[in-house]
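Report on the following structure.
Whatever order the structure lists ligands and atoms in, that order sets their numbers, starting from 1.
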Amino acid sequence: MKTIIKNGTIITATDIYKADILIEKGVIKEIADCISFTSDENVTIFDAGGQYIFPGGIDVHTHLDGPLRESGNADDFVSGTRAAAAGGITSIVNFTNPKKGQTLIDNLQEWKQHAESSLIDYGFHPIVCGYHDNVLEELPQLAEQGISSIKIFMTNKGDMALNDQELYRILKKAGDSGIITSVHAENGYIIDELIDESLSKGDTDPIFHAYTRPTVTEAEATNRVLAIAETANAPVYIVHISCADALEQVIQAKKRGVQAFGETCPHYLALDETYLRLPEFEGAKYVCSPPLREKWNQEYLWKGIADGSISVVGSDHCPFQFDGQKTVGRNNFSKIPYGIPQIEDNFSIVYHYGVHEGRISLQKFVEIMSTNPAKIFGLYPKKGSIAVGFDADIVIFDPNGSKTLSANSQYQNVDYNLYEGTVVQGKITRVLSRGEEIVRDGKVIGEHGRGQFLFRKKQSTLKAEPEITYI
Ligand SMILES: [Zn+2]
């Protein structure tokens with residue numbers, strides 16, 4: 001069975017050109033000016049005239065099936081990966097949620113079972129929840145099992161937050177094991193004090209979620225963990241950079257030669273803290289951590305993407321229903337579960353505000369949505385580009401089309417959409433995953449359960465840009 005995509009414009013992180021693509025057995029077999037076929041061949045033809053052909057999005061920041069706090073979040077691997085596919089994402093790397101006392105290896109096995117219902121390919125970043133010596137012993141074992149990244153927190157005191165000694169030990173051992181460490185960098189100890197002060201004054205509305213997590217608490221933690229990574233000579237990936245102050249720390253660390261990578265999320269690029277003031281408690285829909293920031297930060301983040309200081313845009317998809325979950329915090333913002341729905345609109349939002357509005361090039365779009373995540377997280381050269389030998393994970397995209405973002409038409413299993421009514425330029429017409437058409441005319445047609453576990457390569461050195469080598 002062959003598939004040929006004809007007449008499209010291929011976009012990679014470095015090139016734009018018109019060519020046909022031949023797919024066989026789920027892999028890109030040939031790219032050429034004109035690929036011919038005979039009428040008696042069993043071949044599927046997609047005419048992509050006038051359309052862009054992107055490599056499938058790789059979202060390395062998702063929390064499907066994540067029971068955070070007491071209530072589970074809204075999307076599991078069935079609904080979440082359908083939403084992802086509809087939004088042009090063909091691979092995810094999802095966070096696991098550890099149970100107290102469970103080993104990382106046992107936790108990984110459990111999450112592999114959770115993900116068997118996935119529509120698209122998936123890997124995991126195990127969250128290291130609390131420090132104990134066994135963690136260090138387990139890191140090399142994780143690397144052998146295709147896990148080339150972990151996640152740690154500097155927030156959530158008593159639950160997850162690690163102190164500087166623990167951060168150092170884990171970063172060092174992970175780096176020595178070929179694993180990159182993702183870090184949630186906010187100073188949770190100070191934030192907890194600010195929350196207590198705010199509540200004691202009766203300041204309980206959603207906007208105080210932002211005021212009690214000021215940018216300095218993010219920048220301080222970012223700077224500190226970058227210094228620790230520098231000391232440990234280990235690679236580090238700063239997730240969800242929300243503001244200019246934190247970005248500046250990454251820029252300075254890169255200048256010093258730290259193996260540092262920055263990620264931001266679409267909501268920090270497209271939304272700002274005024275959304276937290278929406279009436280009728282609707283601000284709670286926009287509570288995430290770090291919080292949405294003052295609008296002027298957005299242009300710094302875009303500039304960071306354009307100049308390479310930020311390598312990746314991940315969705316941080318962690319949805320909760322407004323009704324019944326977000327509303328728990330009606331009289332106390334600190335009880336609002338933080339996390340927002342984003343996996344389905346990530347690709348569209350970044351394309352619209354980035355490419356369509358002229359802030360980044362098409363090639364840069366591919367680099368941050370697909371190529372860099374593949375390189376940093378051990379999926380390259382299998383995923384992350386359109387070239388011979390790569391998996392045929394492909395998004396066919398009509399730049400002249402448009403899409404209205406809305407809770408009524410989304411696959412995300414949540415009762416609101418962050419961008420309700422926003423019309424974005426461009427429309428995904430088809431999505432292929434390993435050559436199989438899983439989305440057609442915006443409708444998901446792939447079956448859940450077809451996704452495969454992504455065994456990711458461990459990494460010997462991770463230079464900040466651009467070449468990455470593997471053990
Ligand atoms: Zn997250």
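Between F208 and L199, the closest side-chain pair of non-hydrogen atoms is not below 4.5 Å.
Ring geometry, H114 versus W111: the interplanar angle falls under 30°, so the pair is classed parallel (tilted spans 30 to 60°).
For the side chain to side chain contact (heavy atoms under 4.5 Å, CB included) criterion with Y286, the lone passing option out of D272, I336, T274, L271 is L271.
Around NZ of K112, the count of heavy atoms belonging to other residues, nucleotides or ligands within 6.0 Å exceeds 12.
For K375 and Y380, the positive end sits near the middle of the six-membered ring, less than 6.0 Å away and at most 45° from its axis.
Sequence neighbours left out, the pairs with a member in residues 204-214 that pass side chain to side chain donor-acceptor pair (under 3.5 Å) are E186-R213, Y211-R277, R213-S289.
Note on the Zn ion (ligand 1): protein N, O or S atoms under 2.8 Å away count 3, no waters included.
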